[in-house]
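If you're wondering where the values come from, they're calculated on a predicted model, not measured in any experiment.
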Amino acid sequence: MSALASVERELRAAVAAEVVAPTTAYLTDMTEARGLSGRADAVALPRTAEEVVEVVAWCYAHGVGIVPRGGGTGYAGGSVPLDGGVVLSLERIDRVRSFDPLLWRIEVEAGLRTAELRRIARESGLLFAPDPGAAEQSQIGGNIATNAGGPHAYKYGVTGAWVTGLEAVVPPGELVQLGGPLRKDVAGYDLKHLLIGSEGTLGVITAAWLRLTPAPEAAWPVIGFFDGVPGGVAAIERVIGSGLPAAALEYVDSEAMRYGGRSFPGRGGGADPRGPARPPGRERARALLPASAAGDRLVVALA
């Protein structure tokens, strides 16, 4: 029997979590387009934090590496098992443990998808502000483990700024709580920030306490068109210097517009081989400054 099959068989016999043979879906992330793909001995699919404890303890005792996995939306290869071992997927640990809308806080498990968390918050008039890409696929545990950002980090900060506490499994297989639901929790060392952004190297995040904020009453997208880089950069400086409460600032150069311009508000279809699209109608956006439609774009979201 091969060593790979042996790890899969022995782990399956030792833990309550489902253990399956590796498939391509668990060996790649968004870096697959650049040719990055891994190999693994087994994939573990726990449903509870206690099952994660069992997997981590077995791997620690047998010297088998672990690669924690969220939604697989990263561009840094962090969830790709380059050297074998066990892929520990948190996708089934996805419950909302508690939600206190009057106190603007929620406790969720690591596998909850970003879009679902934002939907739950929005239904109570609240906002979970971090918005890393692929919200329908990315998971809260992965967002925390990578300290993911997104366009709205300009105003609201990255994911770690919204975490008040963590539950995690650390070697040799111990379930620990770092921080908690309170916004002011300054007793002892602030160990949760060691795990935030650690990408699974120090432990496996299984749940988190997150703070929320009242949702903005309205969002106003503003798009400006400029002849070139100097004009676009100057506009960014003017927005920052004006004190406008911009939630996001995105600069899109003319080459990117050549391929993605038709997907802007008021447009349809894919890339336009003829070049950048013309400005959308006034009912959807307003130009920041008079400029040519053939140049670069600055997109500002006010929320």
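A single hydrophobic cluster is seen to contain both Val86 and Val52, as judged by linkage of ILVMFWY side chains at heavy-atom distances under 4.5 Å, directly or through other members. Following chains of ILVMFWY side-chain contacts shorter than 4.5 Å, one cannot reach Val7 starting from Val80, and the two form parts of different hydrophobic clusters. Criterion: ILVMFWY side-chain heavy atoms under 4.5 Å apart, direct or through other members. Under it, Leu103 and Val163 are not part of a common hydrophobic cluster. Residues Leu195 and Tyr189 share a single hydrophobic cluster, defined by chaining ILVMFWY side chains whose heavy atoms lie under 4.5 Å apart. Under a hydrophobic clustering in which Ile, Leu, Val, Met, Phe, Trp and Tyr are joined whenever their side-chain heavy atoms come within less than 4.5 Å, directly or via other members, Val176 and Ile196 fall into the same cluster.
Distance alone, capped at 3.5 Å, is enough to place a donor-acceptor pair between the Arg12 side chain and the Val19 backbone. Remark: the backbone N or O of Gly160 is paired with a side-chain donor or acceptor of Asn147 at under 3.5 angstrom. At least one donor-acceptor pair under 3.5 Å links the side chain of Arg118 to the backbone N or O of Pro130. Judged purely by atom type and a 3.5 angstrom limit, Glu54 uses its side chain to pair as donor or acceptor with the backbone of Ala16. Side chain of Asp29 to main chain of Thr73: no donor-acceptor pair is present (N/O by atom type, distance under 3.5 Å, no hydrogens or angles). Looking only at distances, a side-chain donor or acceptor of Glu51 sits under 3.5 Å from a matching main-chain atom of Arg47. Between the side chain of Ser242 and the main chain of Val239, a donor-acceptor pair closer than 3.5 Å is present. Listed for the Asp41 side chain is no donor-acceptor partner under 3.5 Å among the backbone atoms of Gly84.
Separation of atoms CG (Leu166) and CD1 (Ile144) is listed at 5.5 Å; rounding is to 0.5 Å. Atom CD of Gln139 and atom CD1 of Ile205 lie 12.0 Å apart (nearest 0.5 Å). How far CD of Gln177 is from CG of Leu191: 12.0 Å, rounded to the nearest 0.5 Å. Rounded to the nearest 0.5 angstrom, Phe99 CZ and Ile120 CD1 are separated by 7.5 Å. Between the OG atom of Ser89 and the CG atom of Leu45 there is a distance of 5.5 Å, given to the nearest 0.5 Å. Here Glu91 contributes atom CD and Gln137 contributes atom CD; the two are 10.5 Å apart, rounded to the nearest 0.5 Å.
Looking at heavy atoms from C-beta onward, Leu126 lies in side-chain contact with Pro101 at the 4.5 angstrom threshold. Within the 4.5 Å cutoff, the side chain of Arg113 has no heavy atoms near those of the Asp94 side chain. A heavy-atom distance below 4.5 Å is found between the side chains of Leu249 and Ile236. In this structure, the side chains of Val204 and Leu90 come closer than 4.5 Å at one or more pairs of heavy atoms. The shortest side-chain heavy-atom distance between Glu167 and Arg97 falls under the 4.5 Å cut-off. Val169 places a side-chain heavy atom less than 4.5 Å from the side chain of Thr206. When side chains are defined from C-beta on, Leu88 does not count as touching Tyr26, because their heavy atoms never get closer than 4.5 Å. Contact of the Ile93 side chain with the Thr48 side chain is not registered, since no non-hydrogen atoms from C-beta on lie closer than 4.5 Å.
In terms of heavy atoms, Pro81 sits closest to Leu27 at CG-CD2, 3.7 Å. The two residues Ser79 and Gly72 have their closest heavy-atom pair at OG-CA, 4.1 Å. In this structure, Leu194 and Ser198 approach most closely via the heavy-atom pair O-CB, 3.4 Å. Residues Trp162 and Ala129 share a closest heavy-atom pair of CZ2-CB, 3.5 Å. Phe128 approaches Leu212 most closely through the heavy-atom pair CB-CD2, 3.9 Å. Considering every non-hydrogen atom in both Leu127 and Pro216, the closest pair reads CD2-CD, 3.9 Å.
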Exercise. What do the steps show when you test Thr201 against Glu199 for side-chain hydrogen bond (donor to acceptor under 3.5 Å, both in side chains), and what is the final call?
Worked result: CA-CA 6 Å; Thr201 58; Glu199 299 201 28; over 6 Å; no

Problem - salt bridge (Lys or Arg N to Asp or Glu O under 4.0 Å) between Glu123 and Arg119, intermediate numbers included - result: CA-CA 6 Å; Glu123 288 177 351; Arg119 181 191 65 77; 2.4 Å; yes

Q.
Under the criterion side chain to side chain contact (heavy atoms under 4.5 Å, CB included), I'd like the reasoning laid out for Leu112 against Val96: C-alpha separation, chi angles, the key distance, then a yes or no.
A. CA-CA 8 Å; Leu112 187 71; Val96 176; 4.1 Å; yes

| query | Passes side chain to side chain contact (heavy atoms under 4.5 Å, CB included), Ile66 versus Val56? Steps please. | reply | CA-CA 8 Å; Ile66 300 173; Val56 171; 4.0 Å; yes

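Residues Lys192 and Asp190 are paired through a salt bridge, judged by an N-O separation under 4.0 Å between the basic side chain and the carboxylate.
More than 12 heavy atoms of other shown residues, nucleotides or ligands fall within 6.0 angstrom of atom CZ in Arg92.
Thr114 and Asn143 share a donor-acceptor pair across their side chains, judged by distance under 3.5 Å alone.
Annotation for Tyr75: hydrophobic cluster partners, listed by chain and number, are Met30 (ILVMFWY side-chain heavy atoms under 4.5 Å, direct or chained).
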